[in-house]
Amino acid sequence: MDKKKLGYWLFFIALFLGPLYLTEFRLALMGKFLCFAIVALGICLIWGYTGILSLGHGVYFGLGAYCTAMYLKLESAGGELPDFMEWSGVSALPAFWQPFSNPVFALGASLVIPALLAAMLGFLTFKNRIKGVYFSLISQAVVVVFVTLFVAKQDWTGGTNGLTNFTTFLGISLSSPLVQIALYMLTVITLGISFALASRLTNSRAGRVLSAIRDGENRVRFLGFNPTSYKVFVYSLSAALAGLAGTLFVLQVGLISPAMMGIIPSIEMVLWVAVGGRHSLIGAILGAVIVNSAKSFFSETYPDIWSIFLGLLFIIVVMFLPNGLVGMVQSWKDKRKKSKQKGGTANATDSVVS
Amino acid sequence: MLAIRSIQAGYDESMVLNDVSIQAEVGKVTAVLGRNGVGKSTLIKTIAGLLKPAAGSVEWMGERIEKKAPELRARSGIAYVPQGREIFPSLTVEENLLLGLEALPKKERKGLPPQIFEWFPVLEEMMHRKGGDLSGGQQQQLAIARAIVGKPKMLLLDEPMEGIQPSIVQLIQDVIVDIASREEMGIILVEHSLDLAFACADYYYILDHGIVVSEGVTDTAHKDVVKQHLVV
Amino acid sequence: MPPILSCRDVRVSFNGFQALQGVDLDVSPQEVRFLIGPNGAGKTTLLDVICGKTKASSGDVLYREVENIRKLQEHEIVRRGITRKFQAPSIFSNLTVWENLELSIKQDRSIWAVMRTKMTGEEKEKIDAMLDRIGLKEQRHQMAGMLAHGQKQWLEIGMQLMQEPEILLLDEPIAGMSGTERHKTGELIHEISAACSVLIVEHDMEFVRNFSKQVTVMHEGKVLCEGTMSDIQQNEQVAEVYLGRRESAC
Amino acid sequence: MIAAISAAALTLSGCAASNALNEEEETTAADTSDTVSVGVLHSLSGTMAISEVSLRDAELMAIEEINADGGVLGKQIEPIVEDGASDWPTFAEKAKKLLQKDEVATVFGGWTSASRKAMLPVFEQNNGLLWYPVQYEGMESSPNIFYTGATTNQQIVPSVTWLLENKGKSFFLIGSDYVFPRTANKEIKAQLEAEGGTLVGEEYTPLGHTDYSTLISKIKEEKPEVIYNTLNGDSNVAFFKQLKDAGITADDMTVLSVSIAEEEIRGIGTDVLTGHYAAWNYFQTTDTPENEKFVAAYKEAYGDDRVTGDPIEAAYNAVYLWAAAVEKAESFDVDAVKEAAGGIEFKAPGGTVTIDGDNQHTYKTVRVGEIQADGQFKEVWNSGEPVKPDPYLETYPWAEELN
Amino acid sequence: MAVVITQIFNGISLGSILLLIALGLAITFGLMNVINMAHGEFIMAGAYTTYVVQQAFSQYVPESFFNYYYVAAIPLSFLIGALLGFVLEKTLIRFLYHRPLDSLLATWGVSLILQQVARSIFGAPNVAVTSPAWLDGGIAIAGAVLPYKRLFIIALVTICMISLYLYLDKTAAGRKMRAVTMNRSMASSLGVSTKKVDAAAFAIGSGLAGVAGCALTVLGPIGSTIGTYYIVDAFMIVILGGIGSLIGTVFGALSVGMLGTIAEFWTGASMAKVIVFVAIIAFLQYKPAGLFSARTRSLE
């Protein structure tokens, strides 16, 4: 147990010290991947631990990012109308934009709005006992709704261009390398705290209720728990994590557009977790980093045909490593342990709940 | 001949059958008796191929079949009538019966043998009704007829009389006796009712707690001795 | 004594099939009641209705004579003290034995309470005591999925008991158990009945004979008769539908 | 176990780090060598690959030609191709990579406004140089971007005037639901009002929309004389096919498009397009000696069945314009190149183009062409001389309110 | 008046197109419970097949026959779609029958690969298919023009529906397929080879996607990404109709088509899309099993 904890500490410290050994470009990439890792944590909570596959996390990520981006846009506009509104013929700032000139409100909204939307959708669907494939596809339909709306309402949202070209955050220039490093470190710390909270949740009694819901939702009812409220809670929590990641993403990448909320990014988010190991929080983090690194690597090396490699990676992982890379390491270690102490109790192969 | 040797079988990791050996011959009716929950259905499923045994062998006409897929067993002449009948509810009676022909080689699939309508005249009347619209007794007849059209050499009947009105019980019993008298087909009949089983069977086995606790020829068996293993 | 649970003219139908056709049943406090009957008689369906898994199409299920629980959700019924053990063991195989029991403790089960909760010494003792009682002390940290069949059944009974129920519904609790295990289970049930009512569906007649006081026989979605085992054995109708068709069939 | 994983992760990051170091060494080494690297950043996958792959091809061809001619400042140009994957953050990421890691002298890239908007801050923050080769909605002038495609007054404004004079007064505007069509249509509406046209309808469809039956019913209801089409990509195919099915031909209504070049015509099919119009600065049929050479070279390089088109030409021009500016500045330094770029002239396939030093757009000749059965354009009108770029439409009185 | 007729016709027409796209999914997803995200790429394969047939006809067949290329393209598109589906089932899907959500992820990978392969073979830009001359024009009724192409698609989808119905209902193979989807283990106990039936069912569903691709060439673009435009709509239609119910899929497609055209007429295309999807989501809250639900008693 202690060895494990030490491993986690080393891992996060190593990430934290990234600026020491990564170039500016790689650091920026890593910062982006770590934002994705926060999303992955949330997906791991709902999918790996609770058994809900959401294909709509792009929306929560996007909503969080938009909330922060609205603030940044207003700050950059310096009291004037944001540029895209001018082109779109909007003469006054829409009422719902106004509170976003307050950074505290904007940052708060970037957590609360995704969580509220998720709670609303979750409450309805889970109460009606819609689950499995149905829920996944419904969450996908939600993506279509939001992306279409955000594109169509370009006078409010910036349309396909999204929101971009921010200069400062709380008066600090975003482009300076030092700020970038600070944001990177902030991302690592946020990831670390999110990880600590998530593992505390999963190791608590409530966490055991969640995995019980995954294994048999109806049985949980017969222990007197109401699975709906648990599912709504964890679903909103993961949406809030995605929103948080969106905020950090916008600060570092300086851009959010409806394309990042779409069907494709939403499915990719799930695949990060699948590759890393859906039943393991650290696996989800590693998955997000590894898949995105692989994507960058493949597309830098083979710009013409990289998507074939990525497709193959997904197929191979799903087919042969149903518990992802962490699951592979775990079962490999199990095997070694077993051969060491023959006759020991048989070990479940599907119990990679770390 | 069908020979089951030292079978262990069950679900997940709990064994329902611990060590069961039985034999059944073509042309004879073999009854498997026992109370609810002693593993009779498990045994039948293991023979039909829906469950893979954890240990032991199933030998059919001199060949080991315990690892074969159910469809191959069906085509080698083992027909299965499950408990609960499991007819296809949204297929018509005719379609259900035609599916029974799948056990035959393609060339021999030439329509339904008229014999089954002599045994079960009601099916001819109901030919174009949905299987799910039939009464329980009619469904049971359909399930048996569906198994017979494939001309099996061994028919596995899992509690065919269960939940059925007495007149149809009689009819089914008559058919079983008639089939047996033609000596072309063997029958393994799973029952929890002693009287019914003894009315049809040549040989009996009694299962309890996953093992065979008694066996013998029905003609010479003392019902009272057998009874103590069974009913109330 | 007033009944703790009463079913009044409960009816259930699935796609036109009448699974229960007007069942009346009273269960007294601290009573052990066996439900027997041929397959398809509606015994399991009746348990389903009581615990809320299946909603009755008409009729009332009264708890302590006053509250109609027919339309409550499953977890709400459980919180009133009516718990259910299913036929197939429904434990959480990816949790340990200990964790399975921990989830079952009678507690505030709302998410906010559970998140803040910490295992108390009292709870630990309760779990330990239960482990002793169901004989799974050695296996406490094993994944529940790895237990033998009989052990799973006990674990599940243990999980129901941890909830300190008022009424315990058991569906074929001894299926798949060996002789000594059966006996032990029977005794456990009697111990339990000191604190709560038990309603058991069972096929094993030996077991019913050994451990029953009151037996209710069901047939075709109705209650056929009630009484002690010896009453039942005398009943011609019961013999007709249940114990085989006697000589009439041959 | 976790220790093992973290170790693995560390090695991974370590690798990345050492990679990065190696890469840096390579690029610093490159500075002193006799090559200069430039970035080529277009979508090679995803929905935009349809259009952007050809731009990459044109840019690579121009680079090869320049290299064959001795390069720039005696150095061979070494292109680094990246895939923007039709995804705007990817464009930003790759732009950053090209500027920071590869330290390229300039980047040629982009198609959609969204991709340009995503890259813009990257280029401004890193003081990089982007050559953007596609016609766009204007209202932008970044000091770090050169725009070699048309801005609205070099394509839309003159074409509307031409339509009003030649084809009819009542306009129906259709476009894909994104920035370019919405902004363009706003300008067109102002212009119609000023120049005596009437607007009878304005409709937008989501990107990738493929069922136009209802929209066509609306058009039939309104009976416009002119349909001004700013649909994008795949939607054009569906729109034109279904327009023809509904019994509307070029004789009934004139459709003028601003996103359909020769390459798109091949994907839509001439059977449904013949007789409709498009406004551009260049057609494959444009009659200049430079173009003859250009078309021949392009077909030679990429196959006889390939066609050129306005954005392809603008991409090709961009490379030459940059090379000329470098030669004039005698340096690859971004500021020096920018300084030198104003007034640079290039005899492009579509006629002479000149960089406007004020807004870093180019002077271009405007052309309207009619689509022929062979998939080529027949030019029916041109502006005669290159038009000065005016991204903010400051010289048009009716456009005052727009800003 | 003309507008009303046109709009009703448009609704039916859009419904028929959606139905054609969803029909294949109604089998692979509805009956077999496989979430095949590469279904859209089978549509793409059908469209490219049509393109290739057209190219072949224009090169090797006398010009007077050119217009019949489309007649040859329909069955060929079906075959290519079916072949791809067959291969996919044999190599991937059959290992994932018990993991429907995993099949979603794996087939997503397949879809990425197929798109890239198509780009490598046919190039990134769209290709053009000239629709046959006999599909040009339309019937004029009370001032409204009903294009032949749309009538043709309505006819094609009707034929597909009837063939599918006849196949499932009147042939031995169809009977086996229904039996396997209803009760797999019982079917195998009767001697039905479930593996063969699974592969055949998946191939037929995929083949129908191919036919849809072929039909779409007369209306829309043909490029490597066309599948992505339709895939989500198609899945929503199948759940809206009710999983496992072909007739439900028909009603699902028609209602989405009608609602879509009506909403688009009153608002605009973008808002119409939003309205349709919100309506579907809301409807599923009210009736989670869809329009025509095949109710079961199973617990989990």
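Proteins get letters first, then strands, A, B, ... in listed order; numbering begins at 1 in each.
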Of the backbone (N, CA, C, O) and the side chain (C-beta and beyond), which part of A:W332 lies under 4.5 Å from a heavy atom of chain D, both, or neither?
neither
Check each of D:R56, D:E93, D:H42, D:K94 against D:E82 using the side chain to side chain contact (heavy atoms under 4.5 Å, CB included) test, and report the only one that passes.
D:K94
Polar contact flag, side-chain donor to acceptor under 3.5 angstrom, A:T157-A:Y66:
no
So, the part of D:K117 with a heavy atom under 4.5 Å from chain A: the answer is both
D:K97/D:D102 salt bridge by N-O under 4.0 Å criterion
yes
Sort A:S257 into side chain, backbone, both or neither according to what part of it lies under 4.5 angstrom from a heavy atom of chain D.
side chain
Between A:T167, A:V253, A:V151, which residue shows the highest count of heavy-atom pairs closer than 4.5 Å to chain D?
A:V151
Using a cut-off of under 4.5 Å for heavy-atom pairs, which of D:A118, D:A92, D:A85 has the most such pairs with chain A?
D:A118
Is chain A contacted by the side chain of D:Y204, its backbone, both, or neither, given a heavy-atom distance below 4.5 Å?
neither
Heavy-atom pairs under 4.5 Å with chain D - which of A:F84, A:W306, A:F12, A:F249 has more of them than the others?
A:W306
Checking D:L207 against chain A: side chain, backbone, both or neither under 4.5 Å from a heavy atom?
side chain
Check the side chains of D:E124 and D:S142 for a donor-acceptor pair under 3.5 angstrom, ignoring hydrogens and angles.
yes
Are more than 12 heavy atoms from other residues, nucleotides or ligands located less than 6.0 Å from atom CH2 of D:W398?
yes
A:T164 portion near chain D, given a 4.5 angstrom heavy-atom threshold:
side chain
Tell me which of these, A:A152, A:S299, A:P265, A:G18, has more heavy-atom pairs under 4.5 Å with chain D than the rest.
A:A152
A:E268 bridged to A:K295 by N-O distance under 4.0 Å:
yes
Report the option among A:S296, A:A28, A:S307 that has the most heavy-atom pairs separated by less than 4.5 Å from atoms of chain D.
A:S296
Side-chain donor-acceptor contact under 3.5 Å, D:Y396 with D:E187:
no
Working note: A:M261 + A:V143, criterion side-chain contact (heavy atoms from CB on, under 4.5 Å); need CA distance, chi angles, decisive distance, verdict.
CA-CA 7 Å; A:M261 311 165 78; A:V143 173; 5.6 Å; no
Of D:P89, D:S115, D:G138, the largest count of non-hydrogen pairs under 4.5 angstrom with chain A goes to D:P89
May I ask you to decide whether D:R116 forms a salt bridge with D:E140, counting only side-chain N to carboxylate O separations under 4.0 Å?
yes
Under 4.5 Å from a heavy atom of chain D, the part of A:F166 involved:
backbone
